[in-house]
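In what follows, a single structure is set out as structure tokens and then discussed.
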2 protein chains.
Amino acid sequence: MLHNGAGRATAARMLDLLRTAGTLSRVELAEQSGLTAATITNVVRRLIDDGLVHEVGRESLQGRGQPRRLLELDPSAWYAVGIQVDRTTTTIVVVDFAGGRVASAGLRGSGTSGPEETVTTLADHVTDLLHSAQVPRDRVLGVCLVTHGPQDRERGVLLTAQPTPEWLEYPLTSTLSQRLGLPVLLENDATAAALGEQWAGTVATDTFGLIYMASGIGGGVVVDGDAYRGRASNAVEIGHVALSGGRTPCVCGNRGCAQAEAGPRTVVEQVLADEPLAERLGVRGAIDSTLADFERVARAWRAGDPAATAILERSARWVGQAAVTLVNLFDLDTVVLAGPAFVTTGPLYQRLILAELEERALSRTLSAPTVLLSTDVGTAAAIGGALHVLRTIPVDRDTLQHRSSAPAPEGEP
Amino acid sequence: MLHNGAGRATAARMLDLLRTAGTLSRVELAEQSGLTAATITNVVRRLIDDGLVHEVGRESLQGRGQPRRLLELDPSAWYAVGIQVDRTTTTIVVVDFAGGRVASAGLRGSGTSGPEETVTTLADHVTDLLHSAQVPRDRVLGVCLVTHGPQDRERGVLLTAQPTPEWLEYPLTSTLSQRLGLPVLLENDATAAALGEQWAGTVATDTFGLIYMASGIGGGVVVDGDAYRGRASNAVEIGHVALSGGRTPCVCGNRGCAQAEAGPRTVVEQVLADEPLAERLGVRGAIDSTLADFERVARAWRAGDPAATAILERSARWVGQAAVTLVNLFDLDTVVLAGPAFVTTGPLYQRLILAELEERALSRTLSAPTVLLSTDVGTAAAIGGALHVLRTIPVDRDTLQHRSSAPAPEGEP
DNA sequence: CGTCCTACTTGACCACTTTAATTAAGTGAG
DNA sequence: CTCACTTAATTAAAGTGGTCAAGTAGGACG
């Protein structure tokens, strides 16, 4: 090991900077990290020796002096897998070391299956996807399982008994890890999406909130580049913010929660309550096809259907109210929207949530609120999970040896 | 400067640990900081040389071996001043290096005076208080000004035009700093109180929320021992959480905010709406005596008055609802109550807020919620501000020289 | 074509920490 | 009573991760 400036944390920071910027010179790395050029030289040398980084030409001339040599991550150095599992949808993505999407697959959700069955299915699909994308398994750094609701990230276990009681405390990550022979992390869907947006560079600031809407509504907050996790990583449950004027009882025991008043399931049920409308839109209301039904409503809105529009606009206003609370409590000025429910409806929600923030957020006079759509609306969470793997699991000079000799570790380092 | 284990940050951490624990041995410092005994030896030696720490006997025998030598902060090494300014109350406290209260004074609030006048008054009172407590000014590390509402901590300026327009952007800390010849920090009242509670050891965890109620309602969150500050230090505006069922318009532009529905001013106004009741309690409703009036209602509750009880209980339930949102979004299980409004009503609010959390908080089944009363209900924010000074401003071997040669610096280091 | 400017590299040094002895100061069994 | 044992505190040497200052490298400009 070198004696100068080769700290593991520092190296990880350089990789992060390169991943978000795409390509940077050593000078820019020094500026952005606050370290000296000397340190950068040493750290970068090691990264190049390890095959993680390449020099890719020089910067187009900007005057006199020696031109800066541009650095870039080697995309094929490592890969990571993100799996977003929801009741009604599942998305698997494979991402290369630079964060680029290599392959992806959309499956039906976990439905009412037990965890054992789901894990087996997922493991098979991951194996297939890696194979068809010709990604060698020993170059896969790890897998991140991304789910909704309360979880124990340390132990890699869900703390919910839904959809079936066996899910509660089922050894999710360790089982999947064993099946795949790869490390498996667990992450909240909204937090994963937020981390993903950050690396994707969707937002200019490194402090923002994210609203994730799939079957339910979740929230994530990134402050100074780090996810807010709270006491036990179950923070930002924006779906259970009780809204002014709301009265609908929620599964959580409270009344008027955002999710109960405005979530996709509620939107679908409001359509179902109007039988001719439901008939017209083709909405059937099966519990496992909430998102498909929601998508039908979204398309009706796009086609100009006034009833569908009214229902969606009501939902968007409610979510906007929840966003106001999110913004007031976490002191944000930027909110990103992500998740399959926004694939079609994104612009509508974006407009109305922004309107609520501009009208009601406390800090609206101090700094104008911004609402952005994710760069990967539908797959943000899975991508974010995969990027989380790249960021979290250390890539040492000798990670490969470790990998081939010892069996795959599990969970956090 | 010594060459071994004398890091400034490390030294500050030792002081923090000693301040919260009161007295610790070197071994315990090593355990709690994760550093080795060797490092502790060096850091502690320097602290003793600088006169900040003393050895105070040995630990009562716990078996064989050499007994541990107990360490303690020298209370008289330094002092700090905390000033909590509200519209209707002002509290000044002087705290010694160990965090003990040396002197305190309660004044009327800033009322409708301009900032110039207020700063002059405060400077005079601080000077008087230091004099009467016989605290030498060159041993005062600094002052922390603690206020409600939006502020720019970096620049030491309030971002609100209340009560008079001159307050907006008035150079608050720099002016006070000049008057006193001491560094002056700015801090949010609820955050200061939360930091205070943490050093005071009120809470077992280092992750908790705090609700601060004076003329308004504010919130603070401490995560892993650090205050959550958000984008621009104006986070956790729990007074402006819109509550389920609320409709009252709030100054912030929203409806149904916790402060508008349940704040002390609203409580007083509800009493005023019932003329015979107001008469009976002696509530007059002058805008600058909100807290005095609130205190009258509180005493009526304690005396068993049913009308006063009903009004306060309604307020407490509302605040409880806001606490549910706080707890759900920040993933907390502990909430502390502080601020002058809780001096008498503390137990009532504590009981009802706990009831709301036990009924409605999302994580109630994962970990039982706790609601605690501050150890210094009325003066928590001022004490917290003073402790913030002790924690933030570095005490070097040569701070004293700097102090006497150069004029007092201003703001954060 | 040499000078100038900027990027990058090198080696000496520095602050802080750990590791491995070493010394200090007690307890309790015989 | 004293010697073996235990735990605390100190010391010196070595490791880690960086800075600083003085070089070297490579292209632009007059």
Side-chain angles (χ1 to χ4, degrees), chain A residues 1-15 17-18 21 23-50 53-72 394 396-398, chain B residues 1-15 17-18 21 23-50 53-72 394 396-398:
Chain A
M1 203 169 287
L2 293 174
H3 271 234
N4 270 341
R8 179 176 286 199
T10 309
R13 199 136 121 266
M14 297 304 126
L15 295 176
L17 290 172
L18 282 170
T23 151
L24 287 174
S25 65
R26 287 177 179 75
V27 177
E28 289 167 310
L29 280 177
E31 284 166 359
Q32 294 192 26
S33 67
L35 298 173
T36 49
T39 305
I40 303 296
T41 289
N42 290 317
V43 175
V44 167
R45 184 191 1 251
R46 188 160 120 156
L47 293 176
I48 290 177
D49 285 354
D50 289 1
V53 166
H54 288 316
E55 289 198 347
V56 288
R58 8 204 63 154
E59 193 161 51
S60 51
L61 51 132
Q62 74 276 317
R64 303 181 153 216
Q66 177 176 157
R68 303 174 172 184
R69 288 177 243 164
L70 292 176
L71 303 167
E72 198 173 81
D396 263 351
R397 161 158 310 193
D398 35 29
Chain B
M1 201 169 289
L2 293 175
H3 270 235
N4 270 341
R8 179 175 285 200
T10 310
R13 199 136 120 265
M14 299 300 127
L15 294 177
L17 290 171
L18 282 169
T23 151
L24 287 173
S25 64
R26 287 177 179 74
V27 177
E28 290 166 310
L29 281 177
E31 285 165 356
Q32 294 192 27
S33 66
L35 299 172
T36 47
T39 305
I40 303 297
T41 290
N42 290 318
V43 175
V44 167
R45 186 194 355 256
R46 186 161 122 157
L47 294 176
I48 290 177
D49 285 354
D50 288 0
V53 166
H54 288 316
E55 288 198 346
V56 287
R58 8 204 62 157
E59 195 160 53
S60 51
L61 52 130
Q62 72 277 319
R64 301 181 155 215
Q66 177 178 156
R68 304 172 172 186
R69 290 178 239 164
L70 292 175
L71 302 166
E72 199 173 80
D396 265 351
R397 159 159 314 192
D398 35 28

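Just so we're on the same page: letters track the sequence lines, and every chain starts at 1.
- Checked against D/dT6, D/dG27, D/dT10, the side chain of B/Arg64 finds its nearest nucleotide in D/dT6.
- Atom CE of B/Met14 is separated from atom CG of B/Leu29 by 5.5 Å, given to the nearest 0.5 angstrom.
- In this structure, CG in B/Asp50 is found 12.0 Å from CZ in B/Arg45, a value given to the nearest 0.5 Å.
- The side chain to side chain contact (heavy atoms under 4.5 Å, CB included) test with A/Ser33 is passed by exactly one of A/Leu17, A/Thr39, A/Thr10: A/Leu17.
- For the pair A/Arg68 and C/dT6, the criterion of a side-chain N or O lying under 4.0 Å from OP1 or OP2 is not met.
- Contact between the side-chain N/O atoms of B/Thr36 and the OP1/OP2 oxygens of C/dT17 is not found at any separation under 4.0 Å.
- OP1 or OP2 of D/dT16 has not a single side-chain nitrogen or oxygen of A/Arg8 nearer than 4.0 Å.
- The side chain of B/Ala38 lies closest to C/dA20, out of C/dT17, C/dG11, C/dA20.
- Side-chain atoms of B/Arg26 lie closest to D/dT10 of the nucleotides D/dG18, D/dT10, C/dT9.
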Could you walk me through whether A/Leu71 and A/Leu24 pass side-chain contact (heavy atoms from CB on, under 4.5 Å), step by step?
CA-CA 5 Å; A/Leu71 303 167; A/Leu24 287 174; 5.6 Å; no
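- In terms of phosphate contacts, B/Ser25 brings no side-chain nitrogen or oxygen within less than 4.0 Å of OP1 or OP2 of D/dA8.
- Checked against C/dA25, C/dC16, D/dG18, the side chain of B/Thr10 finds its nearest nucleotide in C/dC16.
- Judged by distance alone with a 3.5 Å cut-off, no donor-acceptor contact links the side chain of B/Gln66 to the base of D/dA9.
- Of the candidate nucleotides D/dG18, D/dA9, C/dG26, C/dG26 has the atom lying nearest to any side-chain atom of B/Arg58.
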